[in-house]
Amino acid sequence: MPNQSHERYEEIFAEVEAPFAFVDLDAMAANAAEMLGRAGGKPIRVASKSLRCRALLERVLRGDEGFAGVMTFTLPETLWLAEQGFEDLLLAYPTADTGALGELALRSVANPAGAPIVMVDCAEHLDAIESVLGAGAAPVRVCIDVDAGWWALGGRLKVGPKRSPIHTVEGAVALAGEIERRPQIELAALMAYEGQIAGVGDRPPGRRLRGAAIGWMQRRSAAELAERRGAIVAAVGEIAELKIVNGGGTGSLELTGAEDAVTELTAGSGFYAPALFDHYSRFSLTPAAGFALPIVRKPSAAVATALGGGYLASGAGDSARLPAPWLPGGLRLDPEEGAGEAQTPLLGAAAAELEIGDRVYLRHAKAGELCERFDVLHLVEGDEIVDVVPTYRGEGKTFL
Ligand SMILES: Cc1ncc(COP(=O)(O)O)c(C=O)c1O
């Protein structure tokens with residue numbers, strides 16, 4: 001495990017002008033090994049939205065055969081990755097982009113069994129696909145997205161991301177039947193992503209009661225889902241041969257991996273281990289991605305103000321979405337200002353020691369969104385920068 005001190009990173013990055021972003025490959029390798037360990041032998045599909053860097057996607061997929069295939073986030077991204085030679089692509093979100101669907105149709109003709117699989121959860125998604133298919137086109141392969149949320153109080157309380165309307169065995173069977181009636185669409189896969197377990201830490205800092213409630217909900221949800229997912233896979237499997245049953249995310253690998261009905265898992269955030277992933281009881285990862293900012297002013301002896309830094313994460317607009325001051329230890333954001341567009345004042349004991357020209361290191365709350373702020377990632381291995389690689393943004397690709 002790398003020694004993650006301010007001094008060490010300052011030596012490594014002595015020649016690099018801040019702001020810059022980096023990935024510590026040793027930490028990322030440790031996280032990859034940790035996640036494979038929790039997957040219990042099930043292959044892990046790599047979530048591209050959480051890496052947003054082609055070189056690192058390639059590196060992860062080359063690194064261990066336990067990582068297989070990519071879970072993508074837009075159809076133009078998926079087609080671009082396919083052009084770049086990536087295989088086994090599963091698009092995790094439905095699309096209404098008929099131009100890109102037209103291109104997918106052409107790819108499906110050229111390579112019926114190897115073209116990307118796209119997500120559907122209703123007849124309108126199927127209509128959009130059919131609208132671009134000429135007569136005699138090869139089938140486009142689709143994946144049914146099943147809602148993995150937890151319903152309590154007879155359905156009055158619904159916990160989990162608002163994704164698919166398909167929640168029950170009957171709903172999944174009805175959509176599978178609808179797909180089977182359309183000869184140019186092939187049902188190849190089923191996915192059920194339990195975001196309320198995988199993406200929610202059960203140890204929120206300073207909120208023990210909330211943590212206990214989250215843990216309680218997650219245990220019940222996992223038990224309910226294991227049963228429902230098994231029943232849905234069995235019933236849909238009577239209608240079509242499901243080549244893929246995908247589930248899970250960084251935060252649920254050991255739980256989802258234990259389900260017989262699931263053929264593969266997904267993980268993305270765990271490679272970079274952003275700040276929101278510090279707060280789980282079931283595992284601990286090593287921070288692997290960060291960004292450095294220069295200190296440019298001292299409004300008072302106790303405060304050090306960095307240039308830029310307002311890289312907020314998406315999601316519920318709470319303070320957990322702010323970047324986390326990391327190195328040197330003992331820094332915190334100013335509750336009045338948070339992380340700003342042009343400047344970020346830093347408080348705490350370490351702030352008094354910082355001078356103009358020093359640099360501080362922060363971590364994004366989420367994973368791939370960091371790459372929307374920087375053109376390149378500096379890759380560190382041992383005590384050296386071993387490569388500088390473009391992010392998606394650096395390749396001129398801002399998909400979302
Ligand atoms: C469908 C799906 N599967 C898995 C994941 C898990 O990704 P991560 O490991 O980055 O949390 C996500 C993330 O949002 C997702 O949308």
Side-chain angles (χ1 to χ4, degrees), residues 23 28 31-32 34-36 38-39 42-53 56-57 60-61 66-75 77-78 88-95 116-121 142-149 160-164 166 189-202 218 225 229 244-257 259 262-280 282-283 285 288-289 313-316 320-321 363-372 392 399-400:
V23 167
M28 194 174 90
N31 293 336
E34 195 276 350
M35 292 195 288
L36 287 172
R38 281 198 290 130
K42 292 248 161 91
I44 299 179
R45 186 174 288 279
V46 183
S48 64
K49 84 170 168 65
S50 304
L51 272 77
R52 300 193 204 198
C53 171
L56 289 180
L57 279 173
V60 166
L61 290 165
F67 296 112
V70 182
M71 174 172 281
T72 56
F73 71 119
T74 75
L75 188 51
E77 181 221 6
T78 312
D88 190 1
L89 303 172
L90 174 65
L91 171 58
Y93 313 94
T95 181
I117 300 175
V118 295
M119 201 58 57
V120 296
D121 66 33
V142 298
C143 178
I144 294 183
D145 190 352
V146 170
D147 172 49
K162 295 173 185 63
R163 298 174 60 116
S164 171
I166 307 292
L190 188 139
M191 180 184 83
Y193 168 61
E194 57 289 319
Q196 73 279 10
I197 304 173
V200 181
D202 60 343
Q218 290 180 335
L225 181 59
R229 185 153 42 196
I244 294 171
V245 178
N246 181 284
T250 295
S252 69
L253 294 171
E254 68 286 351
L255 299 169
T256 314
E259 289 183 32
V262 172
T263 64
E264 61 165 46
L265 305 165
T266 296
S269 303
F271 294 101
Y272 292 172
L276 279 171
F277 282 79
D278 290 347
H279 310 302
Y280 287 73
R282 297 185 294 278
F283 58 89
L285 298 164
S314 59
R321 308 282 148 171
R363 293 161 65 212
H364 205 279
K366 292 182 77 179
E369 289 175 35
L370 171 67
C371 294
E372 301 297 344
Y392 275 15
F399 295 108
L400 283 182

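Please read all numbers here as calculations on a predicted model, not as lab measurements. Order of listing sets the numbers, starting from 1, for every ligand and every atom in it.
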S.K.: Are any of the side-chain heavy atoms of T266 and Y193 separated by less than 4.5 Å?
M.R.: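 They are not in contact (no side-chain heavy atoms under 4.5 Å apart), so the answer is no.
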
S.K.: Would you say A198 contacts ligand 1, with heavy atoms under 4.0 Å as the rule?
M.R.: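 Under 4.0 Å: no for A198.
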
S.K.: Looking at atom 14 (O) of ligand 1, what's its closest protein heavy atom, distance included?
M.R.: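 That would be K49 NZ, 3.1 Å.
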
S.K.: For atom 11 (O) of ligand 1, what's the nearest protein heavy-atom neighbour? Residue, atom name and distance, please.
M.R.: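 I find the closest protein heavy atom is S269 OG, 3.3 Å.
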
S.K.: Below 4.0 angstrom from a heavy atom of T266, which ligand 1 atoms are there? Numbered from 1 as shown, please.
M.R.: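 Within the 4.0 Å cut-off of T266, ligand 1 contributes 4 (C).
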
S.K.: Of the options L91, L89, T74, V70, which is the one that meets S48 in a side-chain contact (heavy atoms from CB on, under 4.5 Å)?
M.R.: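 Testing each of L91, L89, T74, V70 against S48, the sole residue satisfying side-chain contact (heavy atoms from CB on, under 4.5 Å) is V70.
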
S.K.: In the protein, what heavy atom is nearest to atom 9 (O) of ligand 1, and what distance, to one decimal place, separates them?
M.R.: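 The closest one turns out to be T250 OG1, 2.6 Å.
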
S.K.: Using a 4.0 Å heavy-atom cut-off, which part of S50 comes near ligand 1: side chain, backbone, both, or neither?
M.R.: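 Under 4.0 Å from ligand 1, S50 contributes side-chain atoms alone.
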
S.K.: Please report which non-hydrogen protein atom sits nearest to atom 5 (C) of ligand 1, along with the residue it belongs to and the distance in Å to one decimal place.
M.R.: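 It is Y193 CE1, 3.4 Å.
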
S.K.: Would you say that E34 contacts L285 through its side chain, given a criterion of any heavy-atom pair below 4.5 Å between the two side chains?
M.R.: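 Of all side-chain heavy-atom pairs linking L285 with E34, at least one is under 4.5 Å.
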
S.K.: Decide whether an N or O pair under 3.5 Å exists between R163 and ligand 1.
M.R.: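 Looking only at distances, the answer is yes, because the N/O contact criterion of under 3.5 Å is met.
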
S.K.: Does any part of the side chain of C143, heavy atoms only, come nearer than 4.5 Å to the side chain of I244, both counted from C-beta?
M.R.: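 Counting from C-beta outward, I244 and C143 never come under 4.5 Å.
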
S.K.: For P161, state whether at least one heavy atom is located under 4.0 Å from any atom of ligand 1.
M.R.: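 No, that is not the case, since the closest heavy atom of the residue is not under 4.0 Å from the ligand.
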
S.K.: Pull out every atom of ligand 1 sitting under 4.0 Å from any heavy atom of A267, numbered as shown with elements.
M.R.: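 Heavy-atom distances to A267 below 4.0 Å select 9 (O).
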
S.K.: Do any nitrogen or oxygen atoms of G268 come within less than 3.5 Å of a nitrogen or oxygen of ligand 1?
M.R.: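 N/O-N/O distance below 3.5 Å exists for this pair.
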
S.K.: Where does M119 meet ligand 1, judged by heavy-atom distances below 4.0 Å: at the side chain, the backbone, both, or neither?
M.R.: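 Contact part for M119 vs ligand 1: neither.
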
S.K.: Is the closest side-chain heavy-atom distance between F283 and L253 below 4.5 Å?
M.R.: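 They are not in side-chain contact.
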
S.K.: If we only count heavy atoms from C-beta on, is the R321 to L276 side-chain gap below 4.5 Å?
M.R.: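 Side-chain contact under 4.5 Å: yes.
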
S.K.: Which residue holds the protein heavy atom closest to atom 15 (C) of ligand 1, what is that atom called, and what is the gap in Å?
M.R.: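 For this ligand atom, the closest protein heavy atom is Y93 OH, 3.4 Å.
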
S.K.: Short list, please: which atoms of ligand 1 are under 4.0 Å from a heavy atom of M191?
M.R.: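 Counting from 1, the qualifying ligand atoms are 1 (C).
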
S.K.: Are any of the side-chain heavy atoms of R282 and I197 separated by less than 4.5 Å?
M.R.: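 Result yes, sub-4.5 Å side-chain heavy-atom pair found.
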
S.K.: Does C53 reach the side chain of F271, with side-chain heavy atoms less than 4.5 Å apart?
M.R.: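 Of all side-chain heavy-atom pairs linking F271 with C53, none is under 4.5 Å.
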
S.K.: R52 versus E369: any side-chain heavy-atom pair under 4.5 Å?
M.R.: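 Touching, per the 4.5 Å side-chain cut-off.
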
S.K.: Would you mind checking which non-hydrogen protein atom is closest to atom 4 (C) of ligand 1, with the distance to 0.1 Å?
M.R.: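 Its nearest protein heavy-atom neighbour is G248 O, 3.3 Å.
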
S.K.: Name the orientation class of the two ring planes belonging to Y392 and F73 (parallel below 30°, tilted from 30 to 60°, perpendicular beyond 60°).
M.R.: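 Correct class here is parallel.
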
